[in-house]
Amino acid sequence: MGAPRTAPILVASNRGPVSYGLGEDGSLTAKRGGGGLVSGLSAIGSDSGAVWVCAALGEGDREAARRAGTSHLNPGDTGGQQVRMLDIAPDVFAAAYNGIANSVLWFIHHLLYQTPVEPVFDAEFAEQWAAYETYNAAFADALAQEAVAEAVVLVQDYHLALVPAMLRERRPDLRIGHFSHTPWAPPDYYRLLPDQVAADVLRGILGGDRAAFLTERWATAFADCCAAVLGAEIVRDGDGDGGEEGSGAATAVRFEGRETRLGVHGLGADAGFLRERSRQADVDERLTSLRAQIGPGRKSIVRVDRTELSKNIVRGLLAYRRLLETRPEWRERVVHVAFAYPSRQDLAVYRDYTERVRRIAEEINAEYGTEGWTPVALHVKDDFARSLAAYRLADVALVNPIRDGMNLVAKEVPVVSERGCALVLSREAGAYAELGEDALVVNPYDVEATAQALHEALRMSDGERADRTKRLAAAATALPPQAWFLAQLEAL
Ligand code: F6P
């Protein structure tokens with residue numbers, strides 16, 4: 001017995017808008033998630049009949065999913081949103097999520113491999129890939145069950161790359177879009193993947209009517225991979241009826257008799273929410289303690305990240321160390337406030353990276369710290385209110401990812417900043433496309449140049465900082481989550 005077909009709009013993502021803790025007595029505690037998708041979906045209202053399909057991630061989620069069966073979760077837990085949580089077998093989920101999504105596809109799109117020794121695609125990989133197919137099929141089955149005729153389905157991210165094609169097979173009547181929140185790898189790097197897998201991922205996304213990205217650059221890379229791996233035809237802006245080839249941006253991919261349109265929607269910051277939330281009492285409290293930690297008269301360089309290999313926290317710390325070494329005038333006069341929140345701690349490489357971040361911060365503090373001054377204030381416990389407090393007081397924000405789909409911190413800081421904040425920004429972040437003009441732009445691998453950019457950012461006059469921040473905030477809020485979500489729906 002499946003769920004009735006009731007949904008005119010469906011969203012599918014690995015991580016859903018709610019997660020559950022499981023008490024020893026078997027009780028479930030729901031915790032609602034934030035993020036662009038949650039606030040985007042709220043634009044259509046909870047009475048729209050939209051359904052969100054997601055995976056159970058931990059034991060609490062699994063228990064909640066089992067109790068709901070093929071029904072939706074208790075709407076009291078989800079703010080009224082209809083959510084179907086899939087109870088996928090733990091070993092299949094782990095192989096698909098940790099093995100393929102986070103250890104292979106994430107690494108490919110963020111260019112994270114140390115290629116002399118990795119990746120190695122062996123028998124274990126083949127098993128994980130089979131699990132990834134099973135996990136994607138579970139989503140396709142649930143979506144096919146829930147969708148009314150001709151419903152619109154928005155499939156999110158690299159976890160679910162195979163879903164569009166699988167769903168089209170099951171339900172050719174649906175309008176299907178895929179959205180990539182990550183960068184997309186250039187063809188030479190993408191082709192590290194085994195040939196069949198490289199082709200299957202592209203075919204999976206091309207099963208949809210539309211494939212959308214956060215920036216033009218990632219959309220172009222996707223089109224380039226389709227051409228290089230599948231021999232697909234790329235339609236470009238300016239392609240004429242007379243058969244002449246356009247030279248503009250890629251607008252669609254033609255493959256095996258179908259056309260998948262390409263789209264770009266640069267998710268922006270939610271100004272209303274951020275400004276209101278960042279003025280609440282818990283943020284004020286944290287502001288006071290952060291100010292005390294930094295010390296009177298000192299400047300702050302703030303970074304807020306998940307401890308994610310692509311965020312480049314280690315080189316950020318090395319650049320700060322270099323700043324203290326080469327510009328002794330900043331010693332005792334600046335504090336690097338670094339929030340490195342836990343992420344994907346099931347993976348050893350993430351745990352090792354977190355350790356390395358800690359070690360380098362300690363080394364800097366041991367090398368340069370004095371009785372009244374701790375050069376790096378590292379916080380590793382996730383605290384949204386404290387992040388907002390840091391946004392408010394930051395003189396400089398350091399956002400230096402190796403590669404990032406967008407990077408919302410770069411967009412949130414200028415919105416929340418009280419007195420203006422200079423932004424040191426990697427040219428490899430998606431946000432660079434919109435914020436590059438008013439940021440101090442760095443090559444994320446270049447520690448010397450990053451140290452120099454930090455120096456310039458610290459020296460920037462109050463007036464210039466405030467002016468740049470105003471312009472950054474305007475660019476950062478051009479497409480807030482609700483408009484971002486509606487634009488995707490409309491385009492389908
Ligand atoms: O930030 C990019 C992103 O792909 C988001 O779209 C997605 O929510 C997240 O990464 C996945 O992270 P996690 O493994 O913690 O769910």
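In listed order, ligands and their atoms are each counted from 1.
Atoms of ligand 1 lying under 4.0 Å from any heavy atom of Tyr97, numbered from 1 in the order shown and given with element: 13 (P), 14 (O), 15 (O), 16 (O). Using a 4.0 Å cut-off to heavy atoms of Tyr158, the atoms of ligand 1 that qualify are 4 (O), 11 (C).
Heavy atoms of Phe179 found under 4.0 angstrom from ligand 1: none, in either backbone or side chain.
At the top of the distance list for atom 11 (C) of ligand 1, counting protein heavy atoms only, stands Arg344 NH2, 3.4 Å.
A heavy-atom distance below 4.5 Å is not found between the side chains of Arg32 and Thr78. When side chains are defined from C-beta on, Gln82 does not count as touching Trp52, because their heavy atoms never get closer than 4.5 Å.
Applying the side chain to side chain contact (heavy atoms under 4.5 Å, CB included) test between Phe339 and each of Arg303, His379, Arg306 identifies His379 as the sole match.
There is no protein heavy atom less than 4.0 angstrom from atom 8 (O) of ligand 1.
We find that Glu308 and Lys311 are not joined by a salt bridge, their nearest charged nitrogen and carboxylate oxygen being 4.0 Å or further apart.
For atom 10 (O) of ligand 1, the choice among Glu308, Arg15, His181, Arg306 with the nearest heavy atom turns out to be Arg306. Nearest-heavy-atom check against atom 4 (O) of ligand 1 across Asp157, Asn98, Asn14 picks out Asp157.
Under a cutoff of 6.0 Å and an axis angle of 45°, Arg217 and Trp184 do not form a cation-pi pair.
For the side chain to side chain donor-acceptor pair (under 3.5 Å) condition, the pairs that include at least one residue of residues 201-213, sequence neighbours left out, are Arg168-Asp209, Arg203-Glu256, Arg210-His265.
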